[in-house]
Amino acid sequence: MGGEPTPFAERVLDLVASVPAGRVTTYGDVAELLGEGGPRAVGGVMARWGGGVTWWRVIRADGTPPLHKAGDAERRLRREGVRFVDGRVDLAATRWDGRPG
DNA sequence: AGTATGACGGTTA
DNA sequence: CTAACCGCCATAC
């Protein structure tokens, strides 16, 4: 298959892995926090190598979980204490600020 | 080097 | 609410 993650991909995966439980981030936020790439580039990385990290904490900008495994993601997030409103995550309250710790 | 693709984002109709 | 369109950027081939 694809092979090993590119340097960019490793940065994406590392950032995703640092999102604390009970918090979420978006594809666009990951790109902004890294200062490189874009939402689609991040999505591409998650599609190839995201299975090895806490992929369910990376959701869309509108608060909906990843489409391919929305049910699985919502179940995991709820167990972490993430509040859902009308099928969407309350980003205003749950969005990770990128701050370590 | 150029085309196609995607776990996206935002705007417009 | 849905649908379509364009911009975006790393990858695959």
Side-chain angles (χ1 to χ4, degrees):
Chain A
M1 290 275 296
E4 52 185 272
T6 64
F8 170 74
E10 290 192 2
R11 270 173 246 134
V12 170
L13 297 174
D14 187 63
L15 186 67
V16 171
S18 66
V19 178
R23 295 286 190 127
V24 300
T25 188
T26 70
Y27 296 92
D29 282 354
V30 171
E32 277 198 27
L33 289 170
L34 287 177
E36 61 181 330
R40 306 205 67 160
V42 173
V45 170
M46 294 306 289
R48 292 167 181 77
W49 305 289
V53 293
T54 51
W55 55 266
W56 56 89
R57 293 179 191 153
V58 185
I59 67 176
R60 292 194 169 196
D62 63 359
T64 59
L67 302 174
H68 53 294
K69 283 182 173 179
D72 201 13
E74 180 171 344
R75 183 171 59 77
R76 287 175 179 271
L77 289 173
R78 279 185 180 280
R79 182 166 30 160
E80 294 181 355
V82 174
R83 173 165 5 216
F84 275 75
V85 179
D86 191 36
R88 289 184 288 158
V89 173
D90 181 4
L91 277 177
T94 320
R95 169 130 84 183
W96 181 46
D97 48 22
R99 197 181 307 176

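Chain letters run A, B, ... following the sequence lines, proteins first, then strands; residues in each count from 1.
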How long is the line joining [atom1] of [X] and [atom2] of [N], in whole Å?
X: A:E36; N: C:dC8; atom1: CD; atom2: P; result: 17 Å
X: A:L13; N: C:dA10; atom1: CG; atom2: P; result: 15 Å
X: A:M46; N: C:dA10; atom1: CE; atom2: P; result: 17 Å
X: A:E4; N: C:dA10; atom1: CD; atom2: C1'; result: 16 Å

Kindly write out the residues that satisfy side chain to side chain donor-acceptor pair (under 3.5 Å) with [X], not counting sequence neighbours, or none if the list is empty.
X: A:D97; result: A:R99
X: A:R95; result: A:D29
X: A:W56; result: A:E80
X: A:R79; result: none

Please identify each residue that fulfils side chain to side chain contact (heavy atoms under 4.5 Å, CB included) with [X], with sequence neighbours left out.
X: A:R23; answer: A:V19, A:P20, A:W96
X: A:R40; answer: none
X: A:D62; answer: A:R60, A:T64

> Going by heavy atoms closer than 4.0 Å, what residues in residues 70-84 of chain A are next to DNA chain B?
Replying inline: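 Here the set is empty: none.
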>> I want to confirm an ordering. Mapping A:P5 and A:D86 to their closest nucleotides on DNA chain C, which one lands closer to the 5' end?
In response: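 By nearest-heavy-atom nucleotide position, the 5'-most residue is A:D86.
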>> Any non-hydrogen side-chain atom of A:V16 less than 4.5 Å from a side-chain atom of A:T25?
In response: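 With C-beta onward as the side chain, the pair stays apart.
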Would you tabulate the pairs of protein nitrogen or oxygen atoms and nucleotide nitrogen or oxygen atoms of nucleotides 9-12 of chain B closer than 3.5 angstrom?
unit_1	atom_1	unit_2	atom_2	d
B:dG9	OP1	A:A61	N	3.1
B:dG9	OP2	A:A61	N	3.0

> Taking the side chain of A:H68 as heavy atoms from C-beta outward, which of C:dA10, C:dA12, B:dA7 is closest to it?
Replying inline: B:dA7
